[in-house]
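Heads up, the thing below is written out as structure tokens.
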Protein chains: 2
Amino acid sequence: MATSPDPFNSRSSRKVPLNKDAVLSTALEIVDAEGLDGLTMRRLGQELRRDPMSLYRYAANRAALLDGVTEVVLDELTMFAEEPDWQAQLRGMAHDLRLLALRHPNVVALLVTRPLSTPLGLRPLGTLRPLEQILGLLIGAGFSPTEALHAYRAYYGFLYGHILNELRECIVDPEENEALLRLGLHRLPAKDFPHLRALGPVLANYEGDVELDQGLTILLSGLAAQLQRKDR
Amino acid sequence: MATSPDPFNSRSSRKVPLNKDAVLSTALEIVDAEGLDGLTMRRLGQELRRDPMSLYRYAANRAALLDGVTEVVLDELTMFAEEPDWQAQLRGMAHDLRLLALRHPNVVALLVTRPLSTPLGLRPLGTLRPLEQILGLLIGAGFSPTEALHAYRAYYGFLYGHILNELRECIVDPEENEALLRLGLHRLPAKDFPHLRALGPVLANYEGDVELDQGLTILLSGLAAQLQRKDR
DNA sequence: ACCTGAACACCGTTCAAGT
DNA sequence: ACCTGAACACCGTTCAAGT
């Protein structure tokens, strides 16, 4: 599961050679296991068997640490699946990002909110690389730079929205799944939430990949139509 | 700007009669003014001129306080704009939500991440009401309940994605806007980010409402096509 | 010059002591 | 029975004191 070779096996191993990558991947493991709040300087120091203060050599502060974690996660994206056309490429990349999000659900909040109100050029480069990449793809496909930017926004907006939606509705414990769901729905005032309550069984099995694909079909055909209108 | 009648004017006014609404709307003001991190129990207590501990009578803990704030914000949504058809309604509601987000940018992170991994039925009712409402709208328009759910997800996914995108690219200080942007872009390695750097001027003026509308047009026409395929 | 860790200024929350 | 605030167990970060 860990990408780097076994940075710590619980509390058995001794001193780990410290570098930025080791710090960040350990930080990611903590976030994956215990959520964003679980990642504190002190906790991370303990995991690495170092004085928490020594971490400030690798990250200026906790915010920078979190930025580093998002970069590590985004680096997991296999950059270019070789697909025939731009639509297939966008589709493939969307599914890749979705799987990435499912692998690191606790990081998604970071992906989505961390760069908020950080000037574009000052963001972690990992955040910007997908943007640049997709711009190139779309411009290569015949969109003008401005159109490519708009198309990117529509695509990424939908994609992130879908991921958030899916994570929101995903219940971790598959056993309690239906029970919890029903329990929750039952709590809703029947008069105010008739449709929602009626959807109980349907809500229970969310096939994220299928719905993502359906949404993409709508979006991509819309973008393709725009492109055709131009070429004609 | 404040919705409730002047709950405190800086540090001049004396004791405010305390109730849940007063607590939450003051909490919202703090979040709007200073961000999510600015809202602490102690800070809120100070603003209300109460012992911070007394707040636990109105919210079980800080998380509940944050849930309360999201509910207060969502209650600002004017429920039903009277529009002729379902497409116009969805369009109108999207713009309403966008404006709400621009009014309370610091709350958006909450809207988007707070209910993550909270079972659906246990969420703040304010979060669920739009869902129920749109389900009703779509079912009334001819979608099956299941289709309505899928359509809702596509719609809301896109909508939240757009809002996050727009907030991400929005720079608060309109004066430094272009300067900061160029500065930031200039920092990017020219070789790795040619397209992004070339878009500098275009990136500078983001017309969120127009782009939201364009995306909605694609999405809604896709959904309308699905509906027509059925009726035929 | 580098690293360490005590100390500071905060947190959310508990709970005993007041009324 | 209710409210208060001292106290606890944490934070991120600074900075002086060590090496």
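Being a predicted model, the structure only gives us computed values, none of them experimental. Computed over heavy atoms, backbone and side chain alike; hydrogens, waters and symmetry mates excluded. Just so we're on the same page: letters track the sequence lines, and every chain starts at 1.
Side-chain contact between A:R57 and A:K20: absent, with no pair of heavy atoms (C-beta onward) separated by less than 4.5 Å. With a 4.5 Å cut-off on side-chain heavy atoms, B:L18 and B:Y58 count as touching. The closest side-chain heavy-atom distance from B:L90 to B:L216 is not below 4.5 Å. The side-chain heavy atoms of B:L196 and B:L203, taken from C-beta on, include a pair separated by under 4.5 Å. Under the 4.5 Å side-chain criterion, counting only non-hydrogen atoms from C-beta, A:H95 is in contact with A:D209.
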In dot-bracket form, how is DNA chain D paired, counting a Watson-Crick or G-U wobble pair only if both its distances are under 3.5 Å and using | for bases paired to another strand?
||.|||||...|||||.||
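Summarising the geometry, the separation between CG on B:D37 and C1' on D:dC11 is reported as 12 Å, rounded to the nearest angstrom. The distance from atom CG of A:N61 to atom P of D:dC11 is 17 Å, rounded to the nearest whole Å. Across the protein-nucleic acid pair, B:R42 atom CZ and D:dA6 atom P stand 11 Å apart, rounded to whole Å. For the pair A:M41 CE and C:dC11 C1', the interatomic distance rounds to 17 Å; values are reported in whole Å. Here C:dT4 presents its P atom at 13 Å from CG of A:L48, a figure rounded to the nearest Å. When the P atom of D:dG12 is taken as reference, atom CZ of A:R43 falls 12 Å away, rounded to whole Å. Between the CG atom of A:L36 and the P atom of D:dG12 there is a distance of 13 Å, rounded to whole Å. Separating the CZ atom of B:R50 from the P atom of D:dG5 is a distance of 12 Å, rounded to the nearest angstrom.
A donor-acceptor pair under 3.5 Å is formed between the side chain of A:N106 and the backbone N or O of A:D32.
In this structure, the side chain to side chain contact (heavy atoms under 4.5 Å, CB included) partners of A:P52, at least two apart in sequence or on a different chain, are A:R42. Qualifying ring-ring contact (aromatic ring centres under 6.0 Å, His included) partners for A:Y160, counting only residues two or more places apart in sequence or in other chains: A:Y156.
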Might you list the N or O atoms of the protein lying below 3.5 Å from N or O atoms in nucleotides 1-3 of chain C, with each pair's distance?
unit_1 : atom_1 : unit_2 : atom_2 : d
C:dC3  : OP2    : A:R57  : NE     : 3.0
C:dC3  : OP2    : A:R57  : NH1    : 3.4

Produce a footprint string for nucleotides 14-19 of chain D: one letter per nucleotide, 5' end first; B if the base is under 4.0 Å from any protein heavy atom, S if only the sugar-phosphate is, - if neither.
B-----
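Which of C:dG12, D:dT13, D:dG5 sits closest to the side chain of B:R62 comes down to C:dG12.
A cation-pi arrangement is not found for B:R153 relative to B:F158, the charged atom failing to lie both closer than 6.0 Å to the ring centre and inside a 45° cone about the ring normal.
A 6.0 Å sphere centred on CZ of A:R103 holds more than 12 heavy atoms belonging to other residues, nucleotides or ligands.
Counting only residues at least two apart or in different chains, side-chain hydrogen bond (donor to acceptor under 3.5 Å, both in side chains) contacts with residues 190-203 of chain A comprise A:H195-B:E132.
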